[in-house]
Amino acid sequence: MDHADVIILGGGLVGCTLSLSLASHGITSIVVDPADPAVTLAASFDGRASAIASASHRMLDAIGVGARLAGKGCPIESIRVSDGLAPGALDFAPDESDGALGTMYENRLLRTTLHQAATTANTVDLRMQTRATSVTRDATGVRMTLDSGAAIAAPLMIAAEGRNSPTRTAAGITIAQWQYHHNAIITAFDHARAHENCAFEIFYPAGPFAILPLPIVDGRNRSALVWTVSERDAPGMLKLSDRGFLAEAERQMGGFLGTLSNLAPRSTYPLGFHHAARITAERLALVGDAAHGIHPIAGQGLNLGFRDVATLTEVLVDGKRLGLDLGDPQLLARYERWRGLDTLMVAMATDTLNRLFGVPGKTASAVRRFGLSAVQAIPPLKARFMAEARGESGDLPRLLQGELV
């Protein structure tokens, strides 16, 4: 039987990051994932891009991943929020001394970089195309039999399996959940005018229309698009010709980036909300989408998962230094307390924003524009929003401050 300090179920963005974070502190892990890397690392697998908040990036730098990503992302130096194309936009532009609000990376780059780093880490045992056939969690530890025939054991199991986590279900952890009956259309395109490292979020009654800056490649200005549409309209949006889709996107933008071209393949996924009633059980912790799934309205989904990683790492490292069993209920209770309020507040804030900006009518639009103008005019309130965008609010784990635990 193979032993490690923890077993991580799921080797995606959050699971791999957790294994590397723990490895940076001498904690061993076995990562079990049924996915085939030849599929998940292919260019066609995930066309999305993610905004990595500055606090999350400090963690990636601290654990050695940031160096692998150097020069491959696009810094977000400002954010412009508006209610449709009406005047009264809210601009977030930090001082130069404060640095960027975050960095945009294509998900494929993140996935490939993290996978390569985990593959070469001495204390990470990455077992892809493998799944558990039996799992036992009890007072003595966690024991698991894999479909490869191998048996593994650890004091703690961590579920990083995504929104439909079977481990969460098997543990009897209930979730609050609902669907927004909207889909996100994901793609990217070239544009004639420079984005100047600005992310744009334009709110329409059907949902946000987000334009996210990507690195300039071969002199081409390029941005990612997350376009929220009614679920009934999504199939039609995918069937539009490239020319028709770009024309409609340009109309939604008011043409401020000039002519659009070179459309990337489009994909779509339904938008929903879920939040686990608890994120721990006997010798079990949930991280990332296994614990919470939110609307992409503020681009905080992956960053919430990275905050789980930083917090759980600190809890486990402190526990190991004290000589505690890593599955000790006291450690899991500390993780639960530390993450519980933050994840709930962010989840409810994004849900409220989505509902607020989705109210149709001229009166509702006027109220929203007034609110945006008020935030624009009140520096302390504006600074608070920028701190949230950077992921710097609340009781930050040391990794999010750029320090190893």
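Below, each value reflects all heavy atoms present in this structure, side chains not excepted, and no hydrogens, waters or symmetry copies.
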Only pairs at least two apart or in different chains count here, so list each salt bridge (charged side-chain N to carboxylate O under 4.0 Å, His left out) that has a residue in [range].
{"range": "residues 121-140", "result": "D2-R127, D125-R127, D138-R143"}
{"range": "residues 19-39", "result": "none"}
{"range": "residues 267-284", "result": "R283-D325"}
{"range": "residues 247-262", "result": "E248-R251"}

If you define the side chain from C-beta out and look only at heavy atoms, does anything of [X] sit under 4.5 Å from [Y]?
{"X": "I7", "Y": "I158", "answer": "no"}
{"X": "L114", "Y": "Q116", "answer": "no"}
{"X": "N221", "Y": "R193", "answer": "no"}
{"X": "N197", "Y": "I76", "answer": "no"}
{"X": "M59", "Y": "F306", "answer": "yes"}
{"X": "I152", "Y": "M1", "answer": "no"}
{"X": "I216", "Y": "R220", "answer": "no"}

Working to the nearest 0.5 angstrom, can you tell me the gap between [X] [atom1] and [Y] [atom2]?
{"X": "I173", "Y": "R168", "atom1": "CD1", "atom2": "CZ", "value": "8.0 Å"}
{"X": "R222", "Y": "S261", "atom1": "CZ", "atom2": "OG", "value": "8.0 Å"}
{"X": "L271", "Y": "Y180", "atom1": "CG", "atom2": "OH", "value": "8.5 Å"}
{"X": "H275", "Y": "I279", "atom1": "NE2", "atom2": "CD1", "value": "8.0 Å"}
{"X": "L69", "Y": "T113", "atom1": "CG", "atom2": "OG1", "value": "4.5 Å"}
{"X": "L60", "Y": "L399", "atom1": "CG", "atom2": "CG", "value": "9.5 Å"}

**Request:** With sequence neighbours excluded, tell me which residues meet side chain to side chain contact (heavy atoms under 4.5 Å, CB included) with T133.
**Result:** T145, D147
**Complete:** Contacts of R163 meeting side chain to side chain contact (heavy atoms under 4.5 Å, CB included) (sequence neighbours excluded), chain-then-number -> H274, D289
Tell me if a side-chain donor or acceptor on [X] pairs with a main-chain N or O of [Y] at a distance below 3.5 Å.
{"X": "Q401", "Y": "L396", "value": "yes"}
{"X": "D308", "Y": "V14", "value": "no"}
{"X": "T112", "Y": "L109", "value": "no"}
{"X": "R58", "Y": "L400", "value": "yes"}
{"X": "R266", "Y": "L240", "value": "yes"}
{"X": "T268", "Y": "A184", "value": "yes"}

**Request:** Mind running salt bridge (Lys or Arg N to Asp or Glu O under 4.0 Å) on R398 and D318 for me, showing each step along the way?
**Result:** CA-CA 12 Å; R398 277 171 277 184; D318 287 349; 3.4 Å; yes
**Asked** Please walk me through it: do I185 and L225 pass side-chain contact (heavy atoms from CB on, under 4.5 Å)?
**Response** CA-CA 8 Å; I185 305 291; L225 175 67; 5.9 Å; no
Heavy-atom count around [X] [atom1] within 6.0 Å, excluding the residue itself: above 12?
{"X": "E106", "atom1": "CD", "answer": "no"}
{"X": "R68", "atom1": "CZ", "answer": "yes"}
{"X": "N164", "atom1": "CG", "answer": "no"}
{"X": "Q129", "atom1": "CD", "answer": "yes"}

Any ring-ring contact (aromatic ring centres under 6.0 Å, His included) involving [range]? Give me the pairs, sequence neighbours left out, ordered by first then second residue.
{"range": "residues 314-346", "value": "none"}
{"range": "residues 100-148", "value": "H57-Y105"}
{"range": "residues 227-252", "value": "F209-W227, W227-F245"}

**Message:** As a quick check of understanding, evaluate side-chain contact (heavy atoms from CB on, under 4.5 Å) for T17 and V65, giving each step before the final call.
**Reply:** CA-CA 9 Å; T17 302; V65 175; over 6 Å; no
Residue pair [X] / [Y]: nearest heavy atoms and the distance that separates them:
{"X": "P270", "Y": "N183", "answer": "CA-OD1, 3.7 Å"}
{"X": "S148", "Y": "T130", "answer": "OG-CG2, 4.4 Å"}
{"X": "C16", "Y": "S19", "answer": "O-OG, 2.7 Å"}
{"X": "A224", "Y": "A49", "answer": "CB-CB, 4.1 Å"}
{"X": "P397", "Y": "T311", "answer": "CG-OG1, 3.2 Å"}
{"X": "Q179", "Y": "G272", "answer": "OE1-CA, 3.8 Å"}

**Request:** Would you check if there is a donor-acceptor pair between the side chains of R232 and S230 at a distance under 3.5 Å?
**Result:**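 Yes, R232 and S230 have a side-chain donor paired with an acceptor closer than 3.5 Å.
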**Prompt:** Under 3.5 Å, is there a donor-acceptor pair between the E231 and H182 side chains?
**Reply:** no
**Request:** Output all residues satisfying side chain to side chain donor-acceptor pair (under 3.5 Å) with T167, sequence neighbours left out; order by chain, then residue number.
**Result:**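 In terms of side chain to side chain donor-acceptor pair (under 3.5 Å), with neighbours along the sequence ignored, T167 is linked to E161.
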**Request:** Would you please name every residue forming a side chain to side chain donor-acceptor pair (under 3.5 Å) with E336, sequence neighbours left out?
**Result:**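 Partners of E336 under the side chain to side chain donor-acceptor pair (under 3.5 Å) test: T280.
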**Asked** Between R48 and Y269, is a side-chain contact (heavy atoms from CB on, under 4.5 Å) present by the stated rule, with each step listed?
**Response** CA-CA 11 Å; R48 291 175 294 175; Y269 64 94; 3.9 Å; yes
Output a table of donor-acceptor pairs, distance under 3.5 Å, between side-chain atoms of residues 20-32 and any protein atom two or more places apart or on a different chain; print 'none' if there are none.
unit_1 : atom_1 : unit_2 : atom_2 : d
S21    : OG     : T313   : OG1    : 2.8
S24    : OG     : L20    : O      : 3.0
H25    : ND1    : S21    : O      : 2.8
H25    : NE2    : V405   : N      : 2.9
T28    : OG1    : D5     : N      : 2.9
T28    : OG1    : D5     : OD2    : 3.2

**Asked** Does D342 come within less than 4.0 Å of R339, counting only side-chain N to carboxylate O?
**Response**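 Looking at R339 together with D342, the answer is yes, because their closest N to O distance falls below 4.0 Å.
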**Request:** Using a strict cut-off of less than 4.0 Å between a Lys/Arg side-chain nitrogen and an Asp/Glu carboxylate oxygen, indicate whether R334 and D328 qualify as a salt bridge.
**Result:** no
**Ring-face cation contact, F256 with R80, 6.0 Å cut, 45° max** = no
**Given V6, L324, L332, the one that forms side chain to side chain contact (heavy atoms under 4.5 Å, CB included) with L316** = V6
